[in-house]
2 protein chains.
Amino acid sequence: MANERWDDADQIRQKRVAVAEQVKTLKASGGSAEAIAAAVRDLRDLDERLAALTVSDKTNEQDSLKTELDQLLKQRFFVVPSFEIYGGVAGLYDYGPPGTAIKENILSIWRNHFILAEQMLEVSTAVLTLSDVLKTSGHVDRFTDFMVRDTVTGQPYRADKLLEEHIDKMLDDPAMMEGRRAELRAIRAQADAYSQADLHTVLTELEVVASDTGNPISEPFSFNLMFGTPIGPSGKLHGYLRPETAQGIFTNYRRLLEFRGGRMPFAAAQIGLAFRNEIAPRSGLLRVREFQMAEIEHFVHPQRKQHPRFGNVAGQVMNLLPASAQDGNDVVQATKVGDAVRNGVIDNETLAYFMARTQTFLHKIGIDPARLRFRQHKSTEMAHYASDCWDAEIHTSYGWIECVGHADRSCYDLTQHMNHTNIDLRAYETYDAPRTVTTLVANVHKNKLGPKFKKDARAVAETLEEMASGDPERAQALEAELAANGKAMLRIQCKELDVCIERNMVEFTFVTETRSGESYVPSVIEPSFGIGRIVYCLLEHSLSVRNMDEDPRRHVLSLPARVAPVKVSVLPLSNHPDQRAMSTRLTEAFLDAGLSVNEDTSSASIGKRYSRADEIGIPFGVTIDFETPNDQSVTIRERDTMQQIRVSVKECVPLITSLCRHETTWADAFKQYPQFHQ
Amino acid sequence: MANERWDDADQIRQKRVAVAEQVKTLKASGGSAEAIAAAVRDLRDLDERLAALTVSDKTNEQDSLKTELDQLLKQRFFVVPSFEIYGGVAGLYDYGPPGTAIKENILSIWRNHFILAEQMLEVSTAVLTLSDVLKTSGHVDRFTDFMVRDTVTGQPYRADKLLEEHIDKMLDDPAMMEGRRAELRAIRAQADAYSQADLHTVLTELEVVASDTGNPISEPFSFNLMFGTPIGPSGKLHGYLRPETAQGIFTNYRRLLEFRGGRMPFAAAQIGLAFRNEIAPRSGLLRVREFQMAEIEHFVHPQRKQHPRFGNVAGQVMNLLPASAQDGNDVVQATKVGDAVRNGVIDNETLAYFMARTQTFLHKIGIDPARLRFRQHKSTEMAHYASDCWDAEIHTSYGWIECVGHADRSCYDLTQHMNHTNIDLRAYETYDAPRTVTTLVANVHKNKLGPKFKKDARAVAETLEEMASGDPERAQALEAELAANGKAMLRIQCKELDVCIERNMVEFTFVTETRSGESYVPSVIEPSFGIGRIVYCLLEHSLSVRNMDEDPRRHVLSLPARVAPVKVSVLPLSNHPDQRAMSTRLTEAFLDAGLSVNEDTSSASIGKRYSRADEIGIPFGVTIDFETPNDQSVTIRERDTMQQIRVSVKECVPLITSLCRHETTWADAFKQYPQFHQ
């Protein structure tokens with residue numbers, strides 16, 4: 001249902017772009033007033049249909065689904081607020097048994113899909129991070145949000161969110177003119193991109209006040225989003241809870257390169273927790289203070305970002321939304337990965353390769369392909385370290401949610417760490433064949449400099465040597481001057497000094513040498529997965545309602561078997577000892593086969609027990625009935641189709657194991673075994 | 001080698017206990033002087049042999065192994081200090097690729113062995129913990145170590161460690177008399193158990209000074225070992241990084257019980273990080289500030305701690321060291337689990353069941369059974385919440401290391417949380433048959449109390465009601481006095497008040513009712529695994545040296561295949577295109593089979609490449625040689641035996657898959673396939 005809606009909306013949006021283009025062409029080419037008016041009418045029609053669709057989506061189905069999902073998540077203990085019995089803390093959540101199992105299953109698939117299949121180096125580094133490291137990475141200075149306070153109560157607000165809310169309220173005014181509306185929308189769109197000063201100006205001009213009280217607000221000030229804590233008893237060593245797992249990989253780059261025997265390119269990966277001290281966490285599981293990430297750092301030569309397995313994904317079609325297409329209508333472009341790289345839409349093969357692999361991963365765990373797109377960051381929203389970035393966004397009742405970032409972090413991080421630690425974090429590239437290189441060299445006679453320049457002699461020598469490699473043209477000019485006049489003036493920058501150099505102190509000469517390779521600082525391509533967000537989106541995409549018009553509505557969580565928290569439920573129809581014995585035997589057989597199982601021996605009706613299993617997404621139910629002791633057979637029921645087949649006890653465990661490994665499809669099993677009707 | 005040594009030592013220790021007993025008996029029974037002298041000589045002999053064994057172990061083999069392991073851990077990037085390029089921080093470590101893989105394999109085995117097989121409820125709760133929760137659990141007040149400072153430099157020391165070091169130095173004095181020696185050893189043994197005042201006295205009497213400078217030290221003061229951090233921007237909400245994962249389970253107890261449909265007993269489990277802000281972390285991986293735990297909380301009726309599967313483990317033999325046997329010689333008692341419970345050595349079946357399951361788990365991952373014991377906590381060392389505790393201790397070059405705690409936390413935590421939140425954390429037990437219960441009830445006439453006692457009337461009523469259920473004898477006496485005298489005196493404790501009660505204010509009567517069950521606060525049995533410590537101990541137990549007398553020595557890490565970080569290496573003998581093609585094909589086949597693989601195409605000799613694989617514990621090597629293109633066969637080499645067999649390319653992947661799943665043994669494979677000799 002929801003899918004069809006979204007397909008509709010997308011079609012209308014695409015049509016709208018075509019009609020808008022038509023209007024433009026008509027106007028430019030001097031088309032008739034009638035034709036123009038007709039096209040504009042079409043445009044308005046499409047806008048109205050789009051608005052209706054969006055509004056109905058938002059207010060009806062999706063809102064109701066969101067509420068029902070939130071209830072289900074708590075009732076069946078998927079996810080609940082942490083320290084619930086103490087009143088909870090915004091942005092902190094605990095995963096109960098089904099939530100934990102889904103999360104762990106997704107991580108296990110992630111490990112196989114990325115780390116094993118791509119032979120990545122997995123590491124597991126400290127969460128507690130030395131402040132020096134995060135100072136270098138830029139997080140201490142720039143990992144901030146702007147905040148304002150209610151000047152009366154002191155209540156803190158995130159400035160961009162307060163601005164957005166304020167504008168939303170202003171836009172509710174039906175009397176507002178379209179020009180003003182567009183202006184406000186433009187301001188709203190870049191609420192999180194303003195500088196501190198500009199933000200102050202905007203907040204003042206729009207007369208933004210504290211939303212809870214209507215009191216005046218303070219000037220915006222920046223608030224660092226990292227949790228800080230002293231390390232050890234001295235109080236002198238300061239640390240932060242890491243805001244991303246990536247820095248633990250960068251600081252180990254030298255060890256990783258050694259582990260690889262110096263061979264480039266390669267990728268390292270890490271699954272672990274990260275923390276952000278959000279000012280005002282909202283949106284449930286989507287903006288939290290503690291979250292699990294799975295990050296990959298692929299190290300590659302900055303000029304050679306081809307990928308050896310790019311051919312495997314080049315034909316894959318992805319929904320791309322490049323920065324240039326983000327005009328408010330945001331029409332995605334279904335593009336083959338190969339074409340996207342060839343046309344320069346995606347910058348390089350490695351970035352594109354990972355985007356394609358991410359798409360396959362998300363499909364594999366059950367994300368609806370129609371509600372997945374890849375959106376390129378606009379230059380204003382790029383993180384301080386990134387040179388290009390594409391987010392995998394998943395559509396939910398909260399709108400489009402960023403779930404996986406794909407950033408080209410260039411050589412920013414390694415360069416920073418190298419500069420701050422003086423430790424060589426470069427890789428070495430051996431040329432295919434040795435290369436002959438000619439360079440200008442300063443041949444400095446230090447014994448002539450010493451007597452004349454005394455304590456400045458070393459600075460003079462260094463200036464001359466640096467000039468030879470850094471500014472050969474100027475060095476050649478100096479050489480010419482020395483040859484002509486026997487002396488020349490030289491500026492010693494670091495000493496703010498001008499000195500007179502003589503002929504016998506230095507000669508600049510060209511030297512030709514053969515090199516077998518060169519050192520370089522690698523670029524980093526980073527796919528970064530927010531696991532909690534993916535779990536939430538997956539749950540929303542998987543939830544449907546069986547009996548729309550009844551009360552209570554029956555919910556089904558159609559998770560792929562590989563992700564389902566429990567693989568099979570075992571349901572004896574009665575308490576008869578023979579049935580209970582078979583139930584125990586089957587349960588143990590499933591456990592031995594490594595399948596999680598839920599033996600439901602409660603006295604509830606079989607329909608109610610199926611329903612409870614459907615709600616937490618158990619794909620298969622094995623029912624032991626009064627015939628079982630006689631025919632040594634059981635009934636297997638599939639969750640989504642509710643179809644049932646009769647299978648011998650002996651075949652039951654191997655069949656369900658095969659179904660859970662996705663080696664057999666239900667359709668095949670349904671054909672192979674006799675159907676069962678209650 | 002090391003095993004035999006330890007077996008020897010144990011035998012000598014056991015003999016020593018017998019001889020000491022003999023000496024005692026001889027003296028008590030007035031045995032001949034000669035017989036006593038002979039027995040005492042035997043005793044001295046045994047002591048000397050024991051000392052020699054211990055010293056040689058400590059100074060030679062083990063110390064050298066420790067150094068070599070530490071080097072190997074860094075060189076092959078198992079584990080390195082975090083932020084190494086920034087100089088590191090004591091107590092924080094990063095796991096590199098082989099370390100991470102071993103850790104994850106152990107966790108995966110743990111999940112199957114406990115969570116899946118025992119059908120536990122796995123949860124994943126927040127690391128950042130609200131201070132209120134840890135105040136309730138006792139950690140804010142009691143999770144502390146005593147600390148002293150150098151009064152001149154301010155350098156902090158852990159008081160107990162400083163005391164121990166100081167005593168060790170004193171004991172170095174050869175002139176010291178045995179009586180004084182014993183005294184000092186007794187003090188040293190309880191260095192971490194002194195109260196603040198007693199510790200101050202001891203430090204002063206022994207004239208303990210700062211070990212680095214010889215300066216005087218401050219009085220001991222307590223230092224909380226939790227990392228604290230403010231949550232959110234207000235600065236008012238305070239949190240800590242959790243010091244154990246258990247509290248996340250306790251605070252969710254109500255949700256868990258609901259998830260179980262109210263059925264008891266059950267166990268919940270959690271794998272996750274915990275943090276302790278150690279004052280002065282030492283001993284490498286054994287005392288760290290951030291560590292992975294795997295904890296189980298088994299909730300059970302406090303009077304019924306039987307376990308339904310106890311029969312499965314009752315015959316298992318364990319090395320037990322009860323508190324009563326910890327006399328300095330510490331001779332373990334090899335005991336059947338069933339006997340230990342029957343004889344009251346282990347308090348109850350559930351605690352014993354988990355100890356036995358832990359032992360099986362540790363054997364499964366490769367811990368040497370001869371270097372594993374279960375030591376009971378003495379009453380002085382028990383945590384504030386525990387009523388009985390057994391540690392699984394593993395012997396390493398650092399001595400016996402506590403790796404898994406098994407604590408009976410009684411109903412401490414749930415009771416505390418219930419009292420502080422007023423939320424009912426009790427389970428309900430339905431009796432097999434309804435029970436008739438007679439209780440004394442206070443029938444209070446509040447309309448008579450009000451006029452007389454005014455604002456104290458409520459306290460009087462409550463005192464009477466509480467007396468009926470809490471102290472029925474006293475209530476009956478009061479009833480008798482009222483019947484006889486028409487009035488009686490009553491103490492109102494909470495008001496520190498004595499009042500006169502009259503006959504018409506209350507009657508105490510017996511009421512008989514039928515109850516179908518009762519509520520109770522469950523007890524908790526907690527097995528708690530320190531994963532990092534287990535990894536370290538396992539690495540030490542697995543490491544051996546192939547060529548003792550050569551340099552460099554060749555190290556082999558004999559990890560079970562299920563734990564090994566990489567399952568197979570693929571080694572083409574030359575760079576010939578046919579061999580390289582086969583190498584790529586086999587590598588992909590192993591990856592498809594889900595086995596981690598290391599394709600080593602370097603130009604190093606095959607011996608050197610085997611050696612590199614042995615060092616990180618890769619159990620199987622597949623060598624592609626000049627014959628392979630002709631006979632479509634490869635050589636499989638086993639790491640520990642260095643035996644080689646010739647196997648067809650087709651059979652190679654299934655055979656190694658089966659070996660890695662421990663479905664086939666190497667001995668069987670070696671018999672089945674032709675041997676290969678280089």
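To find a chain, count down the sequence lines: A is the first, B the second, and so on, and within it residues start at 1.
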Quiz item: Which atoms of Glu278(B) come close to chain A, meaning under 4.5 Å heavy atom to heavy atom: side chain ones, backbone ones, both, or neither?
Solution: backbone
Exercise. Return the option, out of Ile85(A), Leu591(A), Ile279(A), Thr229(A), with the maximum number of heavy-atom pairs under 4.5 Å with chain B.
Key: Ile85(A)
Quiz item: So which of Asp592(A), Thr136(A), Val288(A) has the biggest tally of heavy-atom pairs under 4.5 Å with chain B?
Solution: Thr136(A)
Quiz prompt | Pairs of heavy atoms under 4.5 Å with chain B: top-ranked of Leu92(A), Leu116(A), Thr251(A), Leu121(A) | solution = Leu116(A)
Quiz prompt | Region of Phe275(B) in contact with chain A, defined by heavy-atom distances below 4.5 Å | solution = side chain
Exercise. Let me know if Val597(B) has heavy atoms under 4.5 Å from chain A in its side chain, its backbone, both or neither.
Key: both
Exercise. Measure Gln292(B) against the heavy atoms of chain A and call it side chain, backbone, both or neither at under 4.5 Å.
Key: neither
Quiz prompt | Residue among Gly91(A), Gly228(A), Ser596(A) with most heavy-atom pairs under 4.5 Å to chain B | solution = Gly228(A)
Exercise. Heavy atoms only, distances under 4.5 angstrom: which of Thr125(A), Leu595(A), Asp132(A), Ile271(A) has the most pairs with chain B? Name it, please.
Key: Thr125(A)
Quiz item: Is there side-chain contact between Phe250(A) and Ser137(A), with heavy atoms separated by less than 4.5 Å?
Solution: no
Practice problem: Tell me yes or no: between the side chains of His420(A) and Tyr86(B), is some donor less than 3.5 Å from an acceptor? | Solution: no
Quiz item: Relative to chain A, which of Glu588(B), Glu104(B), Met147(B) shows the most heavy atom pairs under 4.5 Å?
Solution: Glu104(B)
Quiz item: Quick one: side chain to side chain donor-acceptor pair (under 3.5 Å) partners of Ser124(B), sequence neighbours excluded?
Solution: Lys103(A)
Exercise. Give a yes or no on this: more than 12 heavy atoms of other residues, nucleotides or ligands lie within 6.0 Å of atom CZ of Arg254(B).
Key: no
Quiz item: Checking heavy atoms, do the side chain of Leu128(B), its backbone, both or neither come under 4.5 Å from chain A?
Solution: both
Practice problem: Counting only heavy atoms closer than 4.5 Å, note whether Val127(B) contacts chain A via side chain, backbone, both or neither. | Solution: both
Practice problem: Please flag which part of Ala117(B) lies under 4.5 Å from any non-hydrogen atom of chain A: side chain, backbone, both or neither. | Solution: backbone
Exercise. Mind ranking Arg149(A), Arg111(A), Met120(A) by heavy-atom pairs under 4.5 Å with chain B and telling me who comes out on top?
Key: Arg111(A)
Quiz item: Mind checking whether Trp110(A) and Phe114(A) have parallel, tilted or perpendicular rings, split at 30° and 60°?
Solution: tilted
Quiz item: Checking Leu256(B) against chain A: side chain, backbone, both or neither under 4.5 Å from a heavy atom?
Solution: both
Quiz item: Can you say whether Phe223(B) sits under 4.5 Å from chain A via the side chain, the backbone, both, or neither, judging by heavy atoms?
Solution: side chain
Quiz item: Considering residues, nucleotides and ligands other than Arg661(B), do more than 12 of their heavy atoms fall under 6.0 Å from its CZ?
Solution: no
Quiz item: Under a 4.5 Å heavy-atom cut-off, does chain B meet the side chain of Ile423(A), its backbone, both or neither?
Solution: side chain
Quiz item: Considering residues at least two apart in sequence or located in another chain, which fulfil the side-chain contact (heavy atoms from CB on, under 4.5 Å) criterion with Ser108(B)?
Solution: Asn112(B)
Self-check item: Tyr253(B) and Phe266(B) aromatic ring geometry - parallel, tilted or perpendicular at 30°/60° bounds
Solution: parallel
Exercise. Can you tell which part of Gln247(B) gets under 4.5 Å to a heavy atom of chain A, answering side chain, backbone, both or neither?
Key: neither
Self-check item: Engaged part of Thr129(B) at the chain A interface, taking heavy atoms whose separation is under 4.5 Å
Solution: both
Quiz item: Is it the side chain or the backbone of Glu84(A) that comes within 4.5 Å of chain B heavy atoms, both, or neither?
Solution: side chain
Exercise. Check whether Leu225(B) gets within reach of chain A through its side chain, its backbone, both or neither, counting any heavy atom under 4.5 Å.
Key: neither
Exercise. Give a yes or no on whether the backbone of Gly248(A) and the side-chain of Asn252(A) come within a donor-acceptor separation of less than 3.5 Å.
Key: yes
Quiz prompt | Donor-acceptor side-chain pairing of Arg612(A) and Ser569(A) below 3.5 angstrom | solution = no
Quiz item: So, the side chain of Gln270(B) versus the backbone of Thr245(B): is there a donor-acceptor pair under 3.5 Å, distance only?
Solution: yes
Quiz item: Rounded to the nearest 0.5 Å, what separation is found between the CZ atom of Arg158(A) and the CG atom of Leu162(A)?
Solution: 11.5 Å
Quiz item: Side chains of Ser82(B) and Asp94(B): donor-acceptor distance under 3.5 Å anywhere?
Solution: yes
Quiz item: So what's closer than 4.5 Å to chain A heavy atoms on Leu273(B): side chain, backbone, both or neither?
Solution: side chain
